[in-house]
Amino acid sequence: MVGRTIRGVIVRERRLRQPVPPSLADAAGARIAAVSRRGKYLIVTMGGSRGHLLVHLGMSGRLRVVRQAAPFRRHDHVAIELSSGRQLRCHDPRRFGLVLPLPAGDPLRHPLLRGLGPEPLSEMFNCTVLAAACRGRRAAIKLVIMDARVVVGVGNIYANEALFRAGIRPGIAARRLSGARLARLATAIRTVLDEAIAAGGTTLRDFLDADGRPGYFRQQLFVYERAGAPCRRCGTTIRQRVLGQRSTYWCPRCQGSA
DNA sequence: CGAACCTCCTGCGGGC
DNA sequence: TGCCCGCAGGAGGTTC
């Protein structure tokens, strides 16, 4: 997309997580200067102080670049027409996603991005930061690492998997964990994300990347969606419960003894 | 302030 | 076969 010009914007469904504002049409004529990311938010920066487009895929969102004439499919809500003769299609059955124009200036000052914690694969995220976030907190450790103010990018799959690798039970109060165990956890978060990215992500049902390919990290999951199955490390039956309204999986033997 | 709970929405698989 | 129920990758918001 970088270097292309936005010829026009087609909005077929405005009712996303936030309504798509009519001003999105003002992007027409702008050149795409850069595409970046903060947490799970995508940022399309337009040249000439034309501002940015903030995109989030929610749970079911998908971005595809297709030829201009490709027929619209159900749940293709927004299309960005590019000077290449192709369109960026925003497809999102559940409509938990977001397409929002942002004014020129630092997009990180926007309310949705301002309070975000460090990127997990950057130097800014380490055991010291994690320990500070856990100090005094009675919340379950899984909820803490899924809190975007603490660290971004750790969704339900990778929270479960990182806790398994660190040998930590998901429901334990964050403040009860020693610095040494939190150091293991910080490392596990980075490792699991690195490996998942290398595998192209995790396709559970319908995830496809921008080129339409699935991800293969599912084959490397130790606990997620494995309730009742034997632990890959010790054979103990994987357990499941709900924590913060999200499915939570753990091996009672590999993850703590308490 | 933290913690618990709710909400948005469609699709799919399982049970009956 | 068809219907109902529960659950699903996120995350901002409300209430106490």
Side-chain angles (χ1 to χ4, degrees), chain A residues 12-20 37-43 54-63 72-78 90-100 102 110-117 119-120 132-164 170-176 189 192-193 195-197 199-210 213-228 239-249:
Chain A
R12 304 173 77 235
E13 174 58 79
R14 297 198 177 276
R15 296 173 300 167
L16 303 188
R17 174 168 191 75
Q18 285 184 33
V20 179
R37 176 191 63 75
R38 179 76 175 93
K40 295 182 181 177
Y41 288 92
L42 304 172
I43 303 166
L54 189 64
V55 178
H56 196 290
L57 299 176
M59 281 200 188
S60 58
R62 197 182 289 190
L63 293 177
F72 279 91
R73 295 183 301 190
R74 184 165 158 80
H75 306 306
D76 280 349
H77 303 315
V78 176
C90 306
H91 174 94
D92 187 1
R94 291 177 77 176
R95 291 194 265 126
F96 288 176
L98 185 74
V99 180
L100 205 60
L102 260 47
H110 188 274
L112 289 172
L113 305 180
R114 196 168 34 198
L116 294 179
E119 293 286 334
C134 290
R135 196 157 299 136
R137 280 193 71 172
R138 296 165 187 270
I141 184 62
K142 176 166 179 259
L143 302 187
V144 173
I145 62 174
M146 290 182 70
D147 182 343
R149 293 167 302 183
V150 174
V151 57
V152 297
V154 183
N156 199 31
I157 297 175
Y158 303 125
N160 280 292
E161 295 298 310
L163 286 163
F164 174 84
I172 193 172
R175 64 174 186 167
R176 290 178 54 200
I189 288 170
V192 78
L193 291 175
E195 292 180 13
I197 290 166
T202 306
T203 296
L204 296 172
R205 292 165 250 288
D206 54 13
F207 163 76
L208 300 173
D209 70 15
R213 287 189 294 248
Y216 296 97
F217 194 68
R218 188 179 193 181
Q219 299 167 12
Q220 297 172 58
L221 297 177
F222 282 96
V223 290
Y224 188 82
E225 280 198 334
R226 296 198 66 245
R239 296 191 56 188
Q240 174 181 14
R241 76 149 162 145
V242 175
L243 211 51
Q245 282 84 253
R246 311 301 295 276
S247 267
T248 301
Y249 305 84

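Throughout, a chain's letter reflects where its sequence line sits, starting with A, and its residues are numbered from 1. On a predicted model such as this, the values are computed, not experimentally measured, just so you know.
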Exercise for review: In whole angstrom, give me the gap between the P atoms of C/dC7 and B/dC5.
Suggested key: 16 Å
Review point. Expressed as a whole number of Å, how far does the P atom of B/dC6 sit from that of C/dG6?
Key: 15 Å
Regarding [X], tell me which of base, sugar-phosphate or nothing describes its non-hydrogen contacts under 4.0 Å with the strands shown.
X	value
A/F217	nothing
A/R62	nothing
A/D92	nothing
A/L112	sugar-phosphate
A/Y158	nothing
A/S60	nothing

Point to revise | For A/R246, side-chain contact (heavy atoms from CB on, under 4.5 Å) partners two or more places apart | key: A/M59, A/K142, A/M146, A/N156
Is [X] near enough to [N] that one of its side-chain N or O atoms lies under 4.0 angstrom from OP1 or OP2?
X	N	result
A/H56	C/dG10	no
A/R246	C/dG9	yes
A/H75	B/dC9	no

Exercise for review: Go through the steps for A/L204 and A/R218 under the test side chain to side chain contact (heavy atoms under 4.5 Å, CB included), then give the verdict.
Suggested key: CA-CA 7 Å; A/L204 296 172; A/R218 188 179 193 181; 4.1 Å; yes
Review point. Dot-bracket for DNA chain C, 5' to 3', counting Watson-Crick or G-U wobble pairs under 3.5 Å, with [ ] for crossing pairs and | for inter-strand pairs?
Key: .|||||||.|||||||
Practice item. Could you list by number each residue of residues 133-140 of chain A showing a heavy-atom separation from DNA chain C of less than 4.0 Å, or answer none if no residue does? Key: none
Exercise for review: Answer yes or no as to whether B/dC8 has its base stacked against A/F96, where stacking requires a ring-centre separation under 5.5 angstrom and planes under 30 degrees apart.
Suggested key: yes
